Amino acid sequence: MTRGTAIHVHTSLRRLFVAVGLVALVAACSSTPAATPTTEPTSPTVTSSPAGGATGEDPVDEMRSMTFMAGFSPQANLPFVGVYVADAQGFFADRGLDVEITHSGGGGEHLQLLSNDTVQVTTQDAAVLLERRADPGLPLVSLALLGQVGQQAYVSLADSGIETPQDWAGHTVGFKGTPAPDVFAIMDAVGLDRDEVELVNVGFDPRVLTEGQVDVYPIYKSNEPDTLASWGYELNLWDAADFGVPTLGLTYVATADTVADDPDLLDDFVDAAMEGIAWAASHPDQAVDIVLEWTGPEADRDHQRAMLDTELADATSPMTDEHGLGWQTAEQWQDLHDLLVAEDAISAPIDVDDAFTTDFLGD
């Protein structure tokens with residue numbers, strides 16, 4: 001791929017992919033028991049549950065309590081949706097789980113609470129998981145990989161004349177907080193010297209792109225493109241995965257101690273959450289209804305649906321068609337690890353075999 005893709009074409013292809021792929025996704029999830037945040041966290045921790053929700057048909061004599069903390073505020077991120085639906089449809093209750101659903105208030109709270117066992121499962125971007133395993137050495141383990149490709153990409157306005165990454169030369173390229181390895185990998189893939197662009201630290205408001213404060217803007221694929229399209233802008237979009245860059249997205253995460261000490265709890269959690277995602281794939285409108293019980297009625301329903309559709313598309317691949325949703329391999333994690341080491345995002349190599357498990361995912 002050498003040219004940027006207009007966002008309306010990009011979105012159409014994604015939704016076509018979702019339409020033709022969901023049957024396989026649902027079948028895989030149903031027969032297979034059991035992937036930064038889309039924007040910077042700003043909301044306080046949410047601990048309340050929405051009213052209502054189905055219960056399992058066969059009551060369990062003894063319920064086991066646990067806490068799930070989403071890595072960001074309520075929205076239609078796919079790992080969040082799986083948990084929201086599993087709670088509302090009684091999939092957790094069917095397995096004897098009483099799951100308290102909370103949301104991170106930011107600042108790495110979810111990983112801190114996971115590490116001290118206040119939270120049993122959370123969500124985390126795969127690259128950050130590896131970075132935090134390397135430093136400060138958190139014992140994070142991916143239970144299921146729901147982003148078979150990374151969450152981030154880069155966009156320019158369609159009328160900017162910036163149509164390929166080679167056209168980034170002489171322009172400003174934004175980053176959020178710290179330049180992601182993806183941006184340098186794209187530049188390396190097309191032979192663009194790093195000193196040919198001006199890197200600019202931008203915030204989380206895409207108006208910096210529309211107002212000309214930056215020429216290339218870093219986005220989360222399920223978030224800002226839909227927002228910008230709703231404002232009437234067409235975009236050129238570059239996804240590092242399209243340039244052969246190994247990227248991965250959101251995961252369900254536990255600690256190594258919980259994996260070793262309470263595997264039955266995690267097995268039931270992952271199984272129910274995967275069932276929730278399968279249900280959402282075949283009932284997307286109803287799944288958005290459930291999401292809105294958590295976001296509140298002020299959330300944009302169409303935006304939440306666009307987020308769900310995009311993340312469902314990125315969750316599927318030929319490998320998940322064969323093995324089931326959430327599948328992950330040592331090769332995927334090693335390739336991502338090697339990219340992070342090459343881009344100095346990880347100072348020293350770590351053993352990726354300790355960073356994930358397929359024990360809770362059927363084959």
Side-chain angles (χ1 to χ4, degrees), residues 35-50 65-88 92 97-133 135-147 150-152 176-178 180 203-205 218 220-224 248-258 265-266 269-270 273 276-277 290-296 298-299 303-304 307-308 311 355:
T36 247
T38 55
T39 55
E40 180 70 6
T42 56
S43 64
T45 300
V46 179
T47 58
S48 60
S49 298
S65 297
M66 64 169 289
T67 300
F68 166 80
M69 176 171 273
F72 183 58
S73 58
Q75 59 186 355
N77 280 141
L78 190 58
F80 302 10
V81 173
V83 172
Y84 298 156
V85 171
D87 180 63
F92 286 136
L97 294 181
D98 179 12
V99 179
E100 180 185 12
I101 302 172
T102 67
H103 296 79
S104 174
E109 176 192 28
H110 60 308
L111 296 183
Q112 296 168 17
L113 294 177
L114 185 78
S115 297
N116 67 23
D117 203 34
T118 301
V119 167
Q120 284 69 56
V121 179
T122 188
T123 62
Q124 187 57 69
D125 180 81
V128 177
L129 185 154
L130 291 177
E131 291 167 7
R132 296 296 175 267
R133 280 194 65 93
D135 182 17
L138 299 180
L140 307 178
V141 179
S142 170
L143 310 176
L145 177 64
L146 295 176
Q151 304 178 79
Q152 298 188 64
K176 295 173 178 175
T178 303
F204 291 79
D205 187 341
Y220 290 96
K221 292 180 290 184
S222 65
N223 191 16
E224 292 99 331
L248 300 175
L250 285 172
T251 65
Y252 284 128
V253 181
T255 64
D257 283 347
T258 304
L265 181 82
L266 296 180
F269 173 87
V270 172
I277 292 173
I290 293 171
V291 170
L292 293 176
E293 294 178 12
W294 290 91
T295 64
E298 67 278 2
H303 182 66
Q304 298 299 318
M307 181 178 292
L308 176 59
E311 297 202 6

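Keep in mind the model is a prediction, meaning the values are calculated, not measured.
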*Report yes if some heavy atom in the side chain of L78 is under 4.5 Å from a heavy atom in the side chain of I277; otherwise report no.*
yes
*For residues H110 and Q124, is any side-chain donor paired with an opposing acceptor at under 3.5 Å?*
yes
*Does the side chain of T118 pick up a donor-acceptor pair with the side chain of N116 at under 3.5 Å?*
yes
Quick check: closest heavy atoms across [X] and [Y], and the distance to 0.1 Å?
X	Y	answer
E311	N77	OE2-ND2, 2.8 Å
G249	L145	O-CD1, 4.1 Å
L292	A299	CD2-CB, 3.9 Å
Q152	Y220	CG-CE2, 3.5 Å
V85	G276	CG1-O, 3.6 Å
P79	T123	CB-CG2, 3.7 Å

Roughly how far apart are [X] [atom1] and [Y] [atom2], rounded to 0.5 Å?
X	Y	atom1	atom2	answer
F269	L143	CZ	CG	8.0 Å
H303	L308	NE2	CG	12.0 Å
D125	L248	CG	CG	8.5 Å
H103	T122	NE2	OG1	10.0 Å
T295	Y84	OG1	OH	8.0 Å
L140	S115	CG	OG	6.0 Å

*Partners of D135 by salt bridge (charged side-chain N to carboxylate O under 4.0 Å, His left out), sequence neighbours excluded?*
none
*May I have the step-by-step check of side-chain contact (heavy atoms from CB on, under 4.5 Å) for V81 and V291, ending in yes or no?*
CA-CA 7 Å; V81 173; V291 170; 3.8 Å; yes
_Under the side chain to side chain contact (heavy atoms under 4.5 Å, CB included) test against T258, which residue among D117, V253, V141, V119 passes?_
D117
*asked:* Check the orientation of F68 and Y252. Use parallel for under 30°, tilted for 30 to 60°, and perpendicular for over 60°.
replied: perpendicular
*How would you list, by chain and number, every residue that makes a side-chain hydrogen bond (donor to acceptor under 3.5 Å, both in side chains) with S142, sequence neighbours excluded?*
Q328
*asked:* Check whether Q304 reaches the backbone of A76 with its side chain - one donor and one acceptor, N or O, closer than 3.5 Å.
replied: yes
_Before you tell me yes or no, could you show the steps for M69 and E109 under side-chain contact (heavy atoms from CB on, under 4.5 Å), namely the whole-Å CA-CA distance, both residues' side-chain angles and the distance that decides it to 0.1 Å?_
CA-CA 9 Å; M69 176 171 273; E109 176 192 28; 4.1 Å; yes
*Step by step, work out the side-chain contact (heavy atoms from CB on, under 4.5 Å) result for L138 and T255.*
CA-CA 8 Å; L138 299 180; T255 64; over 6 Å; no
